[in-house]
Structure formats: C-alpha cells, structure tokens
Amino acid sequence: MSEQKKKSGTPLLDELEKGPWPSFVADLKKLAEKKPAVGQLLEQMEQSYETRVNYWTGTVLNLDGYGGGVIARYSDLGKKLPEVAQFHTIRVIEPSGWMYSTAALRELCDISEKHSSGILQLHGMTGDILMLGSDNKTTFEAGEALMQKGWDIGGSGGALRTLACCVGPAYCEMSCFDTLEVTKRLTDHFISYLHRPELPYKFKFKLSGCPNDCANSIQRSDMPIIGTWMDDIRIDKDEVAKFVAEHGEEYVVENVITRCPTKCIHLRKKEIVIENADCVRCMHCINVMHKALAPGKKRGVTILLGGKRTLKIGDTMGSVMVPFMPLETEEDMERLFDLVGRIWEFWGENGMEHERVGEFIERVGLATFLEGVGLEPDPRMVRHPRTNPYIKFEEYTGPQIAGEPKVAPPVLDKENEPRESI
Amino acid sequence: MSEQKKKSGTPLLDELEKGPWPSFVADLKKLAEKKPAVGQLLEQMEQSYETRVNYWTGTVLNLDGYGGGVIARYSDLGKKLPEVAQFHTIRVIEPSGWMYSTAALRELCDISEKHSSGILQLHGMTGDILMLGSDNKTTFEAGEALMQKGWDIGGSGGALRTLACCVGPAYCEMSCFDTLEVTKRLTDHFISYLHRPELPYKFKFKLSGCPNDCANSIQRSDMPIIGTWMDDIRIDKDEVAKFVAEHGEEYVVENVITRCPTKCIHLRKKEIVIENADCVRCMHCINVMHKALAPGKKRGVTILLGGKRTLKIGDTMGSVMVPFMPLETEEDMERLFDLVGRIWEFWGENGMEHERVGEFIERVGLATFLEGVGLEPDPRMVRHPRTNPYIKFEEYTGPQIAGEPKVAPPVLDKENEPRESI
Amino acid sequence: MAAIEQKKMAPRDQGAPNYKEYLHPLMVKNYGKWKYHEKVKPGVIKRVAEGGDVLWVVRAGSPRTLSVDKVRGICQIADKFCKGFLRFTSRANVEFFVDRLEDVEPLVREVRDKLGFPIGGTGNGVTNIVHTQGWMHCNLPGTDALGAVKALMDELYDEFTNERLPARVKISLSCCSINCGGQADIAVNLQHHHPPKINHNNMQICELPKVVAICPVAAIRPATVGSKNSLEVVEEKCMYCGACHGQCPSMEIRDPDTDTLSLWVGGKSANTRGGPSFMKLALWGLPNNPPRWPEVGAAVKTLLRAYKDSAKEYERMGEWIDRIGWKRFFDLTGFPFTKYHIDTYRFARTTFNTSTQVKP
Amino acid sequence: MAAIEQKKMAPRDQGAPNYKEYLHPLMVKNYGKWKYHEKVKPGVIKRVAEGGDVLWVVRAGSPRTLSVDKVRGICQIADKFCKGFLRFTSRANVEFFVDRLEDVEPLVREVRDKLGFPIGGTGNGVTNIVHTQGWMHCNLPGTDALGAVKALMDELYDEFTNERLPARVKISLSCCSINCGGQADIAVNLQHHHPPKINHNNMQICELPKVVAICPVAAIRPATVGSKNSLEVVEEKCMYCGACHGQCPSMEIRDPDTDTLSLWVGGKSANTRGGPSFMKLALWGLPNNPPRWPEVGAAVKTLLRAYKDSAKEYERMGEWIDRIGWKRFFDLTGFPFTKYHIDTYRFARTTFNTSTQVKP
Ligand code: SRM
Ligand code: SRM
Ligand code: SRM
Ligand code: SRM
Ligand code: SF4
Ligand code: SF4
Ligand code: SF4
Ligand code: SF4
Ligand code: SF4
Ligand code: SF4
Ligand code: SF4
Ligand code: SF4
C-alpha cells in the first residue's frame, strides 16, 4: 500500500489527527509505514466510520495448554484487507500496580513488533497489557516469546481474569494493605484457573488499598478486596490546628463536618473529635485533611462479592462478604485462598453457564449463598434487614438452591381440625 | 348470664384488668352488665386467649343503597354464644380532624347503645368511627338512625374509604393548607364512590398539613395529600439569636445544621442562612427551632399516589404525582377533583380486581401511568432517572398496558443485509 | 352463610359531618392563624395565636375501644372545662381544649380520676399504640391486638407520661401480617412460619378462580383432592403473604402452634431529614403468649433502653440505627442477627451493602 | 469459521511478573512508609516519606493505544529522568518518578515536546477517559470508542491540564451498552432503540439452546422461519439487554440507522461520603456521528459547565445532583427530562420519590 493511497484512504480518520490531545491515528499511521496490517486496520476503521457498521467477527482461539487469553477476530472485509483477515489480541498479565522498568516495556515492544502488529494498549480495562494484531500463526509465536521472557497470558471465557490493583504502598500514604503483593500472590496461587475455563463464567479480582477504591473494584470486579482499618482515625493535632487556622471554622464545618455520612466527626473548641464507633471509614475527612488525619493502625481488608456491569440483569456492585479481616501474614493469605476456593466450589457446582457470581447470589439468595460457602451472616453484609415478612423458615421449607426446596414441607395439604360453626 | 359466671368465665382476660393503662376489659365488663352480647363477646375472646384460635368468620353485608361500610362477622361459636352469632361493625364517617362537640358524641353513644352493643372504637385505623356489635337486623336500624341524625356510612370493598386528616389549621402553626376543609370537600364530592364499589379495589386519601405527616398518609393511603411551600423559609432573626444564645453554637451545628438532608442550612456569624433552592422542605430545622423558623408563604400541597401495606407485593409508599400545586381556590379544588377522576378512570379501566393503585402503577410502569392519566413526567417524581439502558422506545414498541404492546414492532424479524465475509 | 335480612332504605349520600360545628370557639377565631406552641409539661401543650389568644391542649391516653358510658364520661369533662369541644388524635388519644390556664390542673385531675386515663403522649415519649381488631372482631387475626396493647402500655406507662426519650416513639401492633396497624418506629406483628394449609373439605369451589388469581407469585393451582376439586400450593413459590387467606378462609395461613410475633423497627412517615422509611425486621420468634405477652413487653423494653442510652436528640429509632449501624444495634439489644433477617424478596439486592462502609 | 492453526506448547503457569523488580529505588526504600503528599501543580504531586525522602510523581495523558515506537519514546524519557522506572495509572495515564526537584521541569518539557502528551489528570479536573475497543477490535461495537475519546479529550484538554472543577471528574466511553468502560461521573454509551433483529440465514443452529437460555427475561423462543429452524423474540418481553447478541452474531441488536449515544451521570466507585453509586441516564438520543461526534462534545461541555458553576467543593457529579435535585439538573443543563428517564426495569419502584422532598 503506497503512502499516497493511505493518506487519501482515510479522510474521516484523518480528522482525528487534529486537536491537542495525542492522536492514536497519527501514531498508527506512522506505524503503518512499517506495518502494513496497521494500514489496513485503519482502512477497515475508515469504512466503519463511513457506514457506522462494525466489521469484526469474534471467535475463540486458545493458546494450547492455556485455554484462554486470546481474543480472536476475523475481519468481514478480509478479502479486501487480507492483512487484518485475522487480527487477534493477546492479553498479557501486567505487573502489580502497572509498575514497569523500561527494560521490561522494551521487551514487550520487541515482541509486539516482531510477532504482532506493533500496537500495544496500556492497559485494557481489566488491567491487562493488550497486544493487538497477531494472526492464527503469529499469536502462538508471540505467546511463546512472551513466556520465554517470563510473562504470562491473561484470562478469557469462563475463567479467572487478570487481577488489577491500585498503586498502594508503593507511593500512597492511604494504603491499608499491600495491594501489590496480594495481587501477585492471588495471581500465582490461582494461575491455573486463569488459564483454564473451569468456572461458570468470568471472575475478576480488583484490589484497592483503601476505601477510595482507585482500582474501581467495587463496580468492576467480582471480588473487590479493599483496604480499611478498625481502630481510631489518627489525628495530628498540630496539623488540625494549622488547617483550621488556614481555612477557618466555617470552612471546616461546611466541607468536613457536614459531609460526614454518619455525623460522627465534630469540631469542638477548634479541635477535631471523632466518634470512631460510628465512623464508616468513608475516607472523606482524611482525604480533605490528609496531613492532619490518617487511617488507624489496625489494618486489613473488607472483601466484597458480585460486581459487574449491565449485561442481563443490570449493573450490580460488589457487596460485603467479609466485613474485616487482616491480610498480612501467611495464615491470612491462606484464609483468603480458602475462602475463594469455597466460593468457587459452591458457585461452580450450582451456577449456571454464563452466570456471574453476583447473578448467582441474587438468584439463590444471599443467606443461602452464605450457608453454601460457610460464612456466618453479619448485619454489615446488608444495608438493613428485610422490610417484608416473607420469610421461608427452614423447619418447614428447607433452604433453596436453584428454585428447588431441599425438604418437602410437612404441613402442606394438612387438613384443618373441623371447627364449630353456625 | 350471672355476675358470678362472668367473673369466673374469663380468667385470662381478667389479667388485663391489672396494670396502670386503662383497661378495655374492665370497661367492657361493666358494659356487659347491661349488654349481654358484650359478656358473650368477652367469653368468645376468652376462648381465643385459651386456644390462640380466632372464631370470627367474615362475610359481606350491604346497607341497601350504600354498597359498603359494614364489616359483617359471624361467630364460629354462635351456637354456644348466640348473642354474638352475628356481630357486625358499622364504619361511620368521622368529622374532619376527629373534632367533636360533646353533643355529637352523645348522639353516637345513644345510637350505639340502642341499636348495637354499646362499644365504640374511636377511631379505626382508617379514621372511621367504629360501631361494633349489631346483628343482621339492628345494623340497618343503627344505619337508619345514624343517617337521620346526619351521619353517613364509611367505605369497604372496592370503594373509596373514609378520608382522614391531621388537625391542621385548627391548632397547628405548621399547617400549609386547610386539611379539614379539603377532607370534607373530597368526601362530599366523591361520596358516591365511597358507598358503591366501582373501583378495582379500595382507595384511601389521607391529608397532612405539612411534611411532618401526622396523618401517616404516605404509608397508609393510596393518595397522600401533604401541605408544603415553595418560597423561602421564614426566619425570625431575634428568635434565632435567642435560640443560639440559649443552646450554644455547637448545639445548633450538631442538631440543626448537620441534620439537614441537603446541607443547605448554615450557621454563619451566629445567623441562620438557608439556600432555599436546595431545601427539600423536610421540616427538621423548623421543628427544632419552631419559634425562629416557619414554612414560607407560597403554600400548597404535594400529591402522592400508591401507599399501602404488605399484602401481596410488600409495602409500598405513596410516590410523587404532583410535586406542587396550590389548594385554596374553587379552581384548585376542581383541578384536584379532575385529577382524581382521571386516575380512577385509567386505573378503573385497566386495573385488575383487588389491585391497589400502587400495585397497578408498578405493573404498567410509572411512565405509562402518567401518560394514561395525562400528567407530564417531572424529575421530582423519582429519586433519580434509570440506572439501566433497557428503554422501550415507542417508535418501535409502543407503550404497554397490562403486558400487551399497542403497536407491533416493525423491525422484528427483519433480515439483515448480507455482509461481506471471509 | 346465613341469609341476610335487609330493610329497604333510600340511598342517601350525606357526606362528611360538618367539622365546623365541632370547633372550639378559639379555633374558629384563630383558624390557620396559630403562631407557635410551647410544651408546658408532658401531655399539655400551650398554643399561641398570632393575635395573642392562648389555647391549652391536654392529651390523654385512651384504650380506643370504649363503652358508651366511658365516652359519656369524656363528654362530661369536656362540657365542664372545654365548652363542650374535644377531639381525638390520629393515634386515638383524646385531646381536651382549655382556654384558661387555671382550668388545666383540675381537668388533668378529673381525667385521671374519673376516666382513669393518663396524661401524656406528647413530645419525645412513647405515645399511644395504634392497633387493630384482634380476636374482638377481625376474621383473620392470629393474636389479640387489644390485649397485647393493653399489656404493653402497662409496661410503657411511664414513657407515655414522660418525655425522656431521644425523639418521638410511635408503636403499632397488628394481629396478622397484613398489618392494618402500619409502619412505626416499633411494630409488633404476627409472623407465619409456613405456607397456607388447605382445608379441602371447606373449600368453596365458586371462589377457586379468584383465589388462584390473587396469588402474587402464582403459587396456587387447581388440584383434585380425593374426588373433589380443590387447590394446592406450590410450596417453593409461596412466600406466605396470606393474600389467599383473605380471599378464602379455607386457605388457612394461621397456625396457633407455629405462629410467632416479630418486632419491626425504624418505620417512619414523617418527611423529616432522610424522609419516610420502611420498618425492618429486628426480632422474630417471640411467643404469641396471651393474656399478657410478657416476652413482647420485655423485648420492647430492651429495645427502648438501648435507644434511650445511645441515640442522640432528634434521632428517630431508624435514624439512630442508621447511625450506629445494624451490627451495633444487634449487639446493644442482644437480639440475634439470623439468616432470616437477610431479605429474599424481590428487591433483596437493593438491601445488600455495596460499599466498604462498615463499623467495628 | 476458518480452521485454527496451532502450535503445540507446553503449559506453563508462570504467574504475574515480579513487580518488585519494577519499583523505583525510593519506592523500595519507603514501601508502605509514605507520610503525605502535596500538590505541586496540575499533574505533579510531591510525595514525602516518613523518613523524609521525597518523590515527585509526574502524570501525563496517554491515548492508551500506542505504537511500540511511542512506548519506546516513553522509555527513553524514563531512562533519562527516572532511573528507568515508570508506571501507568488505572486510567491509562503514564506516571514518571523523579527524585530531584530540578528534574521535574525538564521532564515535563520532554514529555510535552517529544511525546506530545499533556501533563495533568490529577486532582479536581477531568482525567483521562477510560474506554473500550470500538471499531478497532471488538465484535460488538456500535461506535468507535477510540475516536470518540480522542475527539472528546480535544474538547476537554484544558480541564485535563487544570484542576479547576469542584471535584475529580471521571469519564468513561463504551462502544456498546455492555459498557466495558464501567460506571463513571460521566459515561457515554451506545443506546439501542429496539430488540434484536434476527438474521435467520446466518443463524447457527448449534447455538440455539444457548441463546434461548441466556435471555434473562425468557423472550427468545424457537421458531420455524421459512423451512429453517430459527428463533423469534417476544417483543413485549425483550428489554434490549443484548445478551443474545453476545452469544450469537445473528441476533443483531445494533442498528446504524437508529442507535444513538446516551450520557450517564453520577457513577462513583469511591466509598467516600454516600458511598459508591450507579450512574443515571441524563440524556439519550445523541447522534452517533463519526469522525468527531460533535454533539457528544457539546453535551459533555454543557454538563461540565453547569457542574462547575453550581457544585460545591468536594461534591462529585452525582452528589452535586443529589443536592440540587434532578429537576434543577435538567433545568441547568437544558437536557429534556422524558418519560424514558423513568425506570421500567425490575427495581423501578425503588426509584420512585416516596416522600414530599421536592424542590421548587
Ligand atoms: C478489551 C476490553 C475493553 C478495553 O478496551 O479495555 C473488553 C473487551 C471486551 N469485553 Fe469487556 N472488556 C474489558 C473489560 C471489561 C470490564 C472492565 C473491567 O474488567 O474492569 C467490564 C465491566 C466489569 C464486568 O466484568 O462486568 C467488562 C464487561 C464485559 C461484559 C459484560 C459482563 C456482564 O455480565 O455485564 C461482556 C459480555 C459478557 O461477558 O458476556 C464483555 C465482553 C467483552 C468482549 C470479550 C466482547 C465479547 O463478548 O466477545 C470484548 C472483547 C473486545 C476485544 O476485541 O478485545 N465485557 N469488560 C477490556 C478487557 C481488557 C483487559 O483484559 O484488560
Ligand atoms: C378495622 C381496621 C383495623 C382497626 O382496628 O382499626 C381494619 C380491619 C381490617 N382490615 Fe385493614 N383495617 C383498618 C385499617 C387498615 C389500614 C390503616 C389505614 O387505613 O390507615 C391498613 C394499611 C393501609 C392500607 O390501606 O394498605 C389496612 C390494610 C389492610 C389490608 C392490606 C391491604 C394491602 O393491600 O396491603 C387488608 C386486606 C385486603 O385489603 O385485602 C385489610 C383488611 C381488613 C379487614 C377488612 C379484613 C378482611 O380482609 O376481611 C379487617 C376487618 C376487621 C374488622 O372486623 O373490622 N386491611 N387496614 C381498620 C379500618 C377501620 C376504619 O375504617 O377506620
Ligand atoms: C395531634 C397530632 C395530629 C392529629 O391530627 O392528631 C400531632 C400533633 C403534633 N405533631 Fe405530629 N401529631 C400527631 C401524629 C403524628 C404522626 C402520626 C402517628 O403518630 O401515627 C407522625 C408521623 C410519625 C412517623 O414519622 O412515623 C407525627 C410526626 C410529627 C413530627 C415529625 C417527627 C420527626 O422528627 O420525624 C413532628 C415534628 C416534631 O416532633 O418536632 C410533629 C409535631 C407535632 C406538633 C408539635 C405540631 C405542632 O406544631 O403543633 C403537634 C404536637 C405534638 C406532640 O405530641 O408533641 N409530629 N405526628 C397527632 C398526635 C398523635 C398522638 O396522639 O400521639
Ligand atoms: C494513580 C491512581 C491509582 C493507581 O493505582 O493508578 C490514583 C491515585 C490517587 N488517588 Fe485516586 N487514583 C486513581 C484512580 C482513582 C479512581 C478510579 C478511576 O479513576 O477510574 C477512583 C474512583 C473513582 C470513582 O469514585 O468513581 C479514585 C478515587 C479517589 C478519591 C475519592 C474521590 C472522592 O471524593 O470520591 C480520592 C480522594 C481525594 O480525591 O481526595 C483519591 C485520591 C488519590 C490520591 C490523592 C491518593 C494519595 O493520597 O496519593 C492519589 C493521587 C491522585 C490525584 O490524581 O490527584 N482517589 N482514584 C489512579 C489515577 C487515575 C488517573 O490516571 O487519573
Ligand atoms: S485506593 Fe487508596 S491506597 Fe490505593 S491509590 Fe487510591 S487512595 Fe491510595
Ligand atoms: S472517615 Fe468518613 S465516616 Fe469516618 S469520620 Fe471521616 S468523614 Fe466521617
Ligand atoms: S402534619 Fe403538620 S400541620 Fe398537620 S398536625 Fe402535623 S405538624 Fe401540624
Ligand atoms: S427544612 Fe429540612 S431541607 Fe430545608 S433547610 Fe430545614 S433541615 Fe434543610
Ligand atoms: S391486622 Fe390482619 S387480623 Fe388484624 S385487623 Fe387487620 S386484617 Fe384483621
Ligand atoms: S400465601 Fe401468598 S404466596 Fe402463598 S399461596 Fe397464598 S397468596 Fe400465594
Ligand atoms: S463495550 Fe461492548 S463493544 Fe465495546 S469493547 Fe466492550 S463488549 Fe465490545
Ligand atoms: S436483547 Fe436481551 S432481553 Fe432481548 S431477546 Fe436478547 S437476551 Fe433477551
């Protein structure tokens, strides 16, 4: 494809070379000079821009022995654009916190340039390094090259997905646990589930070091693990005094005191007083007065379950399964592994195909789910107890999984004693 | 029945003569001395206390030409206790705000004593005067006597129910409209619907003079009508100063400022400042500082729809239909009558038997309901817009009533254009 | 059913009584022109009109179910002190209107001595319990509302005559889970433990389609039992709402052996602060124990004690719990949190805690 | 589908890369011992460790889709100023680590000049838009996420390089209503206007049972079309979720003639204050208008202007709207409130305003 043709060939996309924000079109047009597939990719996109029709058809391509991690695409325009007839994406597990040495990044670049189209997406929404543009043959070459350098492939289908976590202790003072380390430990421990589709459907972990949830775990992962603390918020009185002096009391009342969701923080005689038993660890006061206030020292995580987006039943967010547990020692990690194992077992046995764990919980009921995975009901798992009297007491009906009662109710169809009647 | 027998006959009930709270048992035992039916009523109750079984069977008894207002009961123990074999309750429409002259009350007593058991309940949960204990014959005598004195009978079955309202302008300074008068006007205007079952199911109005909702309208009536205002909260600066001096600034911050649901009230330089555009008229600040603050002067009502209790679909509360309208002039009343008429027509035509209006709205959808009754959608009708993308656009599907689409979708089963494919 | 004897009467749509005739003269004069009120003491509120008129309103607790003689006793007092006018509140209390301060105490004394009614029910205390028919009149009750309320008010008497709680406490008590008593800060309600039992012998065939239609979860279907047309309940669908029982007495949902009483907390009608809210299950399994239901009294008192100790001023029951969290609520009251507290009904997901907002 | 060529490789479960090798030396030293941070200017945050070490973190906006040469350009800068270490954020921005203050400005200049990346994305501004594959790679898109984001970030460039909004604004843009982009303060999403059209010719019979099973409202049923086994959609049940389309390409839910874009507002992950919240529909019917989607840019700017003018400090988008109320939101933005904004899905009732809490 000649320079000439490429230029005139994508007039619509060319519009995206304008403007101050860095242009992927400009970048890829340059790349197209050495990678013809990229030129044809832009041509196909140009046609989509004209017709508002998409030209990719999806299918499944497994890296042998891994079961997933490749998103395979065939072009509907493959006859016209043979270079993109097959144009797959490899999902590569990223380092915790998206931390890199330049050496590592350059390694990825080399592999991408050699075995693929030379396009990287840093990073996919799940967190992976996305390597776009290999065909049925080069996908395996790229995979092999990656693995030889110690990289590993991410998940797809009914499998665990690549984990993601916030920067945590690497530079953030809010962090209440070691997000980077736990992410790596979980990945390595469950790596087989990441590669082989053994679950009813996809399962994502995301880890945030504190309730600010910079990893978006609560709405974008099946198991959000979020740092928190259980003792008192630490207060630096001098810094409080400085803050109050600088901003004034009214500012503090209107921006800190009144914003506390449980009204448990007070400004009394220019000092901050917190009723820690009522504090829900929302982070607001700490965020605003971050030099004066800090999370407590008794730290750990809250574990939730069931976040996902819209498909089928509308968005769900993760909801509390373990209100608080420490996550520091080897035993803590074992407890976490064990919990995950129990959840996958129960969901695995009773979940339907394509049923995310949040959908499953909703179908069988939270209480039944807790019983199934061996967790004690805790009022912190719910906003509030039920508002309706429709309780299925088990003496008579048995717990239900998938709509079937375990125990036949002994009272059904029992005859009343005849009553005296006029 | 002898004194002797009565005493020993109700040992369980007798336990309820003890204790400081006035005892209905003691009162009724006295009444039983002149009203044998009351003695047998207590005997039947005694048996229920022993067995925890109820002995009333319900049926329908209509006052001719009225269609409702009598709750008929037959005793399962009628052979043993013939005096209560038939033991009906007449629902009598109470005066607005449960206001009485002693003359009026005495009239009721006389009728009850003469034609019924002499038991009055002041008042039933819906608001009626309940006259208990007439039989198939005396029910009609009592009804006739009541009507001759100008009283009227309440509702039952698929009919409008007796209205109820708070004391309002009669003594309460919070009142934003004339609850007593509107209650009477609505009753009189729709009196035919109160007497004749022409609706899919029961329909209740309750009216409260302000958002404190002392009539419990929002959760216990199909159409709550609640007073409110749209201009600024009135502030009496001297009384504010007094309150702040008396209680201290911290008290004001912790009990008024931080309790405001929209954080729109401030204490600035010891003065109360309210951002009225953000105020949701929740009454809290006014209630606490009721000498210093008062509802504004541009007054009217918010009209809601759909409150009821648990049966079938769990509790529902009324939800906003008319965010604000004045309710003072004759034209305002006509607008209200008209709105009620439109609602009853649409619900009447499309509602199922035994379907309360709140259940109906939920089944057909709020937007469809609004269209059916001719109300414009207003964001104040909802807490927030939808969180899911599942919109049924009408160009293709038509609005739905009772699950049936009005318009056949033109795109269904349309064939795609064949696409170029590898 | 026995044939019903009827007497022909002409239809008259007379409408509501004319409340205007029943207003105290000071109310007529100051209608809509009241300026402020002041608490004199529990049960006595002073109301001041814009023009300066003063009306004292004295509130007395009533058992609601009254003999005509008791009502006449009330009238006597109103005639003596109130120019013959009085009212009842939305919670069945009686209110007397006094336009001279010196009449307040004598009136209070007569109400206490002659009627035996306590003075109170105002402000931040427990006011009268609203309740339902129970075994006195309804066809559906599993317990007796009247007796249970009497027993409970005996226990709470001092909270009625005092204003020493953090905020108003409204209690309701209902005799079946239909709950004619409504939402309240504390509600006592009957709880069923299993689906309706069907009395196939009594089944009235004519009503079958209606009964089938009323079930919100389509759990009822026609069946042949013995040789008779009858119904059966699909157990795993039924959620014990009792709608069928209201429609057909042979669908018996009550059970004297297994029915218990439940305590619900945090219902609220007022639009104050967070607005109206539904009540939530606090405790189930209280025995239905006439004649004095001591377990109910004990539980309510436990609850009120925790509330009194830990709530802030102006915090209604539900708001208090919202602040301290349900975990501490269960810790403070000692009520067990069980799996049955977790919602299983159609909006269950919306009750999940989808945040890390938890407390120790 | 074409046969897939495969090369046999041994299964290796290598696991995640070792992040420890990729940490800047100051991070290794002060791991978990950071004390506080300070904003230097938009895009530059100073991080101070308990022991006193200081690390400057410089954030640059990236288009996420990068040629290997662009990535190598990033590496060059990191080698020069950052001891060879860098990271990406959860929103695809690049972060450079500098341990000497005097290196900050030269680094900033090189990022701007050599990479063309803007510095910013921190604090109370608009940070990078998270987005999805669009016409570049997915099989389901109705629009192009990459181009729409580029066009939109051009419009919002000054909000990225400044911190002048009331709070952080997170935007996401997704190419189908599955929305891999997730909840955000502002989300742009494709909106379908009708149920799937079925391409009976392409229908792969083998997948029929799976497609029938996946529909959450049981709207799909087998049908014979012409002489072929196929499916049909029960129109009044279908709610356009698109799950069937993901399962079977012949259930075409997209439609270039009728699909539009919608604007959603108020999504939030952070547990701050009211906690996480779902985003809500603000505006539907924006044309899907490549290559620059000007209507989307205009609408987002209108929204941001209203937010900037009227929100208080620390009020995220959804919290601002909660305070001013949705009515004022629609008034201020000029977006129409239509009946389609009213929820019709399974929790619709929980969205009704069951209070008198309304604003003028
Ligand atoms: C590539 C990526 C978007 C991006 O450009 O970054 C993506 C792309 C696709 N997503 Fe996604 N999702 C991606 C992150 C997400 C996220 C965000 C996240 O993980 O944080 C979500 C929302 C959270 C969640 O898990 O629900 C997400 C929710 C979905 C869903 C909806 C699931 C649901 O139950 O609601 C589907 C459809 C499905 O699972 O059936 C889906 C399906 C897809 C598929 C596989 C389409 C399909 O079904 O064939 C897309 C492949 C595109 C391609 O050609 O590569 N994708 N998807 C993200 C994965 C890259 C990575 O591995 O890093
Ligand atoms: C008498 C009274 C209780 C009391 O002791 O005060 C009462 C008693 C009955 N109620 Fe009620 N309800 C009474 C106020 C209420 C209220 C409260 C209110 O109106 O403010 C409610 C809750 C609000 C509501 O309307 O939902 C109420 C909700 C019900 C329901 C449940 C309706 C629902 O859809 O959830 C039923 C059952 C039904 O309608 O099928 C019901 C049915 C009944 C029946 C008619 C039982 C039946 O279906 O046969 C009871 C007749 C008892 C009797 O023998 O008199 N009653 N009922 C109240 C009426 C007296 C009056 O007219 O003043
Ligand atoms: C007399 C009565 C109206 C009537 O027409 O009968 C009434 C009268 C007053 N109410 Fe009420 N309320 C009355 C039932 C109610 C109810 C309904 C109920 O109890 O069933 C409610 C709603 C309850 C709920 O939310 O579930 C009610 C919620 C309020 C509130 C809001 C409290 C809150 O903060 O949530 C106030 C404001 C306050 O307390 O300052 C209030 C305030 C008042 C004031 C102070 C209004 C005023 O300025 O005069 C009146 C004197 C109250 C007192 O007891 O101290 N009244 N009030 C009712 C007395 C019932 C009784 O005998 O105890
Ligand atoms: C670098 C990053 C973490 C990472 O591992 O990559 C990060 C880093 C910080 N976040 Fe964040 N957040 C990051 C994504 C997020 C996200 C997720 C997202 O954007 O998709 C969220 C949740 C968004 C939501 O709620 O939907 C997030 C919600 C917060 C909040 C809570 C804001 C709030 O009030 O609701 C804070 C606290 C604050 O603003 O004071 C916060 C605060 C911070 C602080 C100040 C924490 C600290 O003490 O160092 C960090 C510097 C932020 C800055 O930009 O000024 N960060 N932060 C992410 C930068 C993304 C970017 O390039 O723009
Ligand atoms: S989630 Fe908390 S610990 Fe992690 S980066 Fe954000 S603020 Fe820091
Ligand atoms: S962290 Fe949140 S809940 Fe706790 S005191 Fe601070 S603002 Fe209040
Ligand atoms: S609802 Fe308002 S107007 Fe009516 S009595 Fe209560 S406080 Fe007064
Ligand atoms: S009435 Fe309520 S919302 Fe309005 S200012 Fe007072 S406390 Fe705030
Ligand atoms: S609560 Fe139930 S049993 Fe009691 S009066 Fe109402 S309908 Fe009858
Ligand atoms: S109790 Fe309710 S759910 Fe059960 S069969 Fe009867 S009507 Fe249906
Ligand atoms: S949002 Fe939809 S079209 Fe876009 S990448 Fe995700 S699944 Fe594909
Ligand atoms: S779009 Fe969703 S609801 Fe409609 S047929 Fe497909 S799967 Fe079913």
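Within every chain, numbering begins at 1; the chains are lettered A, B, ... in the order of the sequence lines, protein sequences first and strands thereafter.
With respect to chain C, the highest number of heavy-atom pairs below 4.5 Å among B:S112, B:G97, B:A26 belongs to B:G97. With chain B as partner, the option from C:M27, C:H24, C:R64 having the largest number of non-hydrogen pairs under 4.5 angstrom is C:R64. Contact tally against chain C (heavy-atom pairs below 4.5 Å) for B:D213, B:T51, B:D135, B:L108: the top residue is B:D213. When each of B:G168, B:G127, B:S96, B:S217 is scored by its heavy-atom pairs under 4.5 Å with chain C, the top score falls to B:S96. Chosen from B:S192, B:S175, B:S117, the residue pairing most often with chain C at heavy-atom distances under 4.5 Å is B:S192. When each of C:R346, C:K35, C:K70, C:E21 is checked for heavy-atom pairs under 4.5 Å with chain B, C:R346 comes out on top. Note: B:E181 leads B:E181, B:K35, B:Q44 in heavy-atom pairs under 4.5 Å with chain C.
Salt bridge C:K312/B:E254: absent, no basic N to carboxylate O contact under 4.0 Å. Under the 4.0 Å criterion applied to side-chain N and carboxylate O atoms, C:D79 and B:R106 are assigned as salt-bridge partners. Between C:D154 and C:R292 there is a salt bridge, since a side-chain N of the basic residue sits under 4.0 Å from a carboxylate O of the acidic one. The existence of a salt bridge linking C:E38 and B:K291 is confirmed by a sub-4.0 Å separation between a basic side-chain nitrogen and an acidic carboxylate oxygen.
When every heavy atom of C:P118 is checked against every heavy atom of B:W21, the shortest pair comes out as CG-CZ3, 3.4 Å. Closest approach of B:V280 to B:P261, counting heavy atoms only: CG2-CG, 3.8 Å. Here the closest heavy-atom approach between residue B:A215 and residue B:S208 is recorded as N-OG, 3.0 Å.
Using a 4.5 Å cut-off between heavy atoms, C:S172 does not touch chain B at all. Of the atoms belonging to C:I178, heavy atoms from both backbone and side chain fall under 4.5 Å from chain B. Using a 4.5 Å cut-off between heavy atoms, B:I218 contacts chain C through its side chain alone, with no backbone atom that close. Heavy atoms of B:D110 lying under 4.5 Å from chain C belong to its backbone as well as its side chain. Looking at C:K268, the atoms closer than 4.5 Å to chain B (heavy atoms on both sides) all sit in the backbone: N, CA, C or O. Residue C:V48: no heavy atom, backbone or side chain, is found under 4.5 Å from chain B. Heavy-atom distances place both the backbone and the side chain of B:S48 under 4.5 Å from chain C. Proximity to chain C is limited to the side chain of B:L41, based on heavy atoms less than 4.5 angstrom apart. With a 4.5 Å cut-off on non-hydrogen atoms, B:I226 touches chain C through its side chain but not through its backbone. Looking at C:C138, both its backbone and its side chain come within 4.5 Å of chain B, counting heavy atoms on both sides. For chain B, the nearby parts of C:S67 are the backbone and the side chain; heavy atoms of each come within less than 4.5 Å. The part of B:H88 that comes within reach of chain C is its backbone (N, CA, C, O), which places non-hydrogen atoms under 4.5 angstrom from that chain. With a 4.5 Å cut-off on non-hydrogen atoms, B:A164 does not touch chain C at all. Neither the backbone nor the side chain of C:S174 has a heavy atom closer than 4.5 Å to any heavy atom of chain B. Only the side chain of B:L31 comes within less than 4.5 Å of a heavy atom in chain C; its backbone stays farther off. In this structure, the portion of C:N189 lying under 4.5 Å from any heavy atom of chain B is its side chain and not its backbone. C:H131 touches chain B through its backbone: at least one of N, CA, C or O sits under 4.5 Å from a heavy atom, while the side chain does not. B:L28 touches chain C through its side chain: at least one heavy atom from C-beta onward sits under 4.5 Å away, while N, CA, C and O do not. Neither the backbone nor the side chain of B:L186 comes within contact range of chain C, judged by heavy atoms closer than 4.5 Å. Heavy-atom distances place no part of C:I45 under 4.5 Å from chain B, backbone and side chain included. For a residue to count as touching a neighbouring chain, one of its non-hydrogen atoms must lie under 4.5 Å from one of that chain's; by this rule B:R259 touches chain C with backbone and side chain alike. Residue contact with chain B, scored on non-hydrogen atoms closer than 4.5 Å, involves the side chain of C:Y157 exclusively. For a residue to count as touching a neighbouring chain, one of its non-hydrogen atoms must lie under 4.5 Å from one of that chain's; by this rule C:E319 does not touch chain B. For chain C, the nearby part of B:L132 is the side chain; its heavy atoms alone come within less than 4.5 Å. Using a 4.5 Å cut-off between heavy atoms, B:E94 contacts chain C through its backbone alone, with no side-chain atom that close. For B:H354, the part lying near chain C is the side chain, with the backbone staying farther off; criterion is any non-hydrogen pair under 4.5 Å. Contacts between C:R47 and chain B at a heavy-atom distance below 4.5 Å involve the side chain alone, from C-beta outward.
Side-chain contact check for C:E95 versus B:Y171: some heavy-atom pair is nearer than 4.5 Å. At least one side-chain heavy atom of B:M174 sits under 4.5 Å from a side-chain heavy atom of B:I286.
The aromatic rings of B:H284 and C:Y314 sit perpendicular, their planes meeting at an angle over 60°, well past the 30° parallel limit.
Around NZ of B:K149, the count of heavy atoms belonging to other residues, nucleotides or ligands within 6.0 Å does not exceed 12.
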What's the verdict on side chain to side chain contact (heavy atoms under 4.5 Å, CB included) for B:C165 and B:L180, showing C-alpha distance, side-chain angles and the deciding distance? CA-CA 7 Å; B:C165 70; B:L180 276 58; 4.1 Å; yes

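Ring centroids of C:W293 and B:Y49 are separated by less than 6.0 Å, placing the two rings close together.
For the pairing with B:Y100, the ring-ring contact (aromatic ring centres under 6.0 Å, His included) check across C:F85, C:Y19, C:F88 returns one residue only, C:F88.
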